[in-house]
Amino acid sequence: MGLGFWQLYRADYKQELQTLYDQRSAALPVLLSQLKKDNDVAYRRVRLQGRFDDQYHFLLDNRTFNGRPGYEVISAFWLEPALVVPNVGLVELIWVNRGWLPMGAQRSELPEIPSFFAAALSLSGQLVLPTKAFVLADIPLSGLWPEVIQAIDLPQMKSRLRGELAPAVAPYLLRLDAAEVGSFEVRWQPVNTAPQKSLGYAVQWFLMAFVLTGLYFWAGIRKK
């Protein structure tokens, strides 16, 4: 019964996230420097100006698109000019999730990431605050670029870059809009599974509790 009620809570939580995502996806983007103090930045649409760094990319492993395995490409984007953001301070660089690229024929073949030759761009997308994901084991960083990672860990990503450049990095990620220059296969979702699936799991747990309770009484009557 406890697991059933927990799944109902999960369904409500996912529905709230979906509603917030839908509302903020429909809003016009604002400049990153225009975010208000103490403002909730989750899924806020913003517009940035700057340049992709063609050297520094993370490849988020175990991502699928239409059933095909691949990576999500997370690239360094230098803000020009650097900005002072409320609640954050100086921001010189932000990580931009540009979407999905397919895996090569072998895992050792990493995808080719198109170069922009440091061209100045104006990009729009949604800010996200990645939560700590469950991984089977912590895999140390290779020290090579592009760097393959199992989960988004912004402090770890910042430390990897700080060893070379020491920039002021934004404490959130930008998910690039599908129509923007530099995007790949993009199909963002606020949650991995729909609220209806959690409701289905809740029904299964409640049915299991009902059946087990019935079997308990049946076994007691039969024994008597």
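On a predicted model such as this, the values are computed, not experimentally measured, just so you know.
- A side chain to side chain contact (heavy atoms under 4.5 Å, CB included) with R98 is found for one member of V181, I113, L123, I74 and no other, namely I113.
- Across every non-hydrogen atom of A202 and G4, the tightest pair is CB-O, 3.5 Å.
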*Give the C-alpha distance, both sets of side-chain angles, the deciding distance and a yes or no for side-chain contact (heavy atoms from CB on, under 4.5 Å) between Q150 and N62.*
CA-CA 7 Å; Q150 304 300 313; N62 301 314; 3.1 Å; yes
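- Annotation for F58 and M157: closest pair CD1-CE, 3.6 Å, computed over non-hydrogen atoms.
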*Please report the C-alpha distance between L174 and V128 in whole Å, then the side-chain angles of each, then the deciding distance to 0.1 Å, and finally whether the side-chain contact (heavy atoms from CB on, under 4.5 Å) criterion is met.*
CA-CA 6 Å; L174 182 81; V128 291; over 6 Å; no
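- Within the structure, ring pair (Phe, Tyr, Trp, His ring centres under 6.0 Å) pairs that include any residue of residues 59-92 comprise F52-F77, F65-W100 (at least two apart or interchain).
- Remark: Y201 OH is loosely packed, at most 12 non-hydrogen atoms of other residues, nucleotides or ligands lying under 6.0 Å away.
- Residues that satisfy the side-chain hydrogen bond (donor to acceptor under 3.5 Å, both in side chains) test with E80, not counting sequence neighbours, are R51.
- Taking CZ from R63 and CE from M103, the interatomic distance works out to 11.0 Å, rounded to the nearest 0.5 Å.
- Hydrophobic clustering (ILVMFWY, side-chain heavy atoms < 4.5 Å, transitive): V30 and V85 are in one cluster.
- Grouping the Ile, Leu, Val, Met, Phe, Trp and Tyr side chains by contacts below 4.5 angstrom, directly or via other members, places L17 apart from W6.
- Across all their heavy atoms, L154 and P171 have their closest contact at CD1-O, 3.4 Å.
- Taking NE2 of H57 as the start and CG of L101 as the end, the distance is 10.5 Å to the nearest 0.5 Å.
- Taking the side chain as every heavy atom from C-beta outward, D53 and Y56 approach each other to under 4.5 Å.
- Side-chain rings of W205 and F5 stay apart, their centers remaining 6.0 Å or farther from each other.
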*Please lay out, stage by stage, how R160 and W145 fare under the test side-chain contact (heavy atoms from CB on, under 4.5 Å).*
CA-CA 10 Å; R160 173 70 174 87; W145 296 103; 3.2 Å; yes
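- With sequence neighbours excluded, the residues forming a salt bridge (charged side-chain N to carboxylate O under 4.0 Å, His left out) with D61 are R107, listed by chain and number.
- Expressed to the nearest 0.5 Å, how far CD of E16 lies from CG of L20 amounts to 9.5 Å.
- Proximity of a side-chain donor or acceptor of S183 to a complementary backbone N or O of A178 within less than 3.5 Å is detected.
- Hydrophobic clustering, with ILVMFWY side chains joined whenever heavy atoms are under 4.5 angstrom apart, groups L3 together with L212.
- At a threshold of 4.5 Å between side-chain heavy atoms, the hydrophobic network of Ile, Leu, Val, Met, Phe, Trp and Tyr places V203 and L8 in two separate groups.
- Expressed to the nearest 0.5 Å, how far OG of S25 lies from CZ of R44 amounts to 11.5 Å.
- Looking only at distances, a side-chain donor or acceptor of Q34 sits under 3.5 Å from a matching main-chain atom of L31.
- The two residues V91 and V88 come nearest to each other via the heavy atoms CG2-CG1, 3.6 Å.
- By the 4.5 Å heavy-atom criterion applied to side chains, L32 and L79 are counted as neighbours.
- Between the CD1 atom of I152 and the CG atom of L129 there is a distance of 11.0 Å, given to the nearest 0.5 Å.
- By the side chain to side chain contact (heavy atoms under 4.5 Å, CB included) test, W188 is found to be paired with Y21, E72, N97, R175, V186, residues two or more places apart in sequence or in another chain being considered.
- Partners of T64 under the side-chain hydrogen bond (donor to acceptor under 3.5 Å, both in side chains) rule, at least two apart in sequence or in another chain, do not exist in this structure.
- Applying the side chain to side chain contact (heavy atoms under 4.5 Å, CB included) test to E109 and every residue at least two apart in sequence or in another chain returns A105, Q106.
- Evaluation of the side-chain hydrogen bond (donor to acceptor under 3.5 Å, both in side chains) rule for D177 yields R45, S124 as partners, not counting sequence neighbours.
- In this structure, L127 and L35 have side chains that are in contact, with non-hydrogen atoms separated by less than 4.5 Å.
- For D12, there are no side-chain hydrogen bond (donor to acceptor under 3.5 Å, both in side chains) partners at least two apart in sequence or on another chain.
- Here the side chains of L110 and V148 are in contact, with some heavy-atom distance below 4.5 Å.
- Considering every non-hydrogen atom in both P130 and L173, the closest pair reads CG-CB, 4.3 Å.
- Remark: F210 pairs with no residue by the ring-ring contact (aromatic ring centres under 6.0 Å, His included) rule, at least two apart or across chains.
- Scored by the side chain to side chain contact (heavy atoms under 4.5 Å, CB included) test, T213 finds F217 as partners (sequence neighbours excluded).
- Here N66 contributes atom CG and R68 contributes atom CZ; the two are 8.5 Å apart, rounded to the nearest 0.5 Å.
- The two residues A170 and I94 have their closest heavy-atom pair at CB-CG1, 3.8 Å.
- Residues passing the side chain to side chain contact (heavy atoms under 4.5 Å, CB included) test with A42 are R24, D40, sequence neighbours excluded.
- Partners of R47 by salt bridge (charged side-chain N to carboxylate O under 4.0 Å, His left out), not counting sequence neighbours, listed by chain and number: E180.
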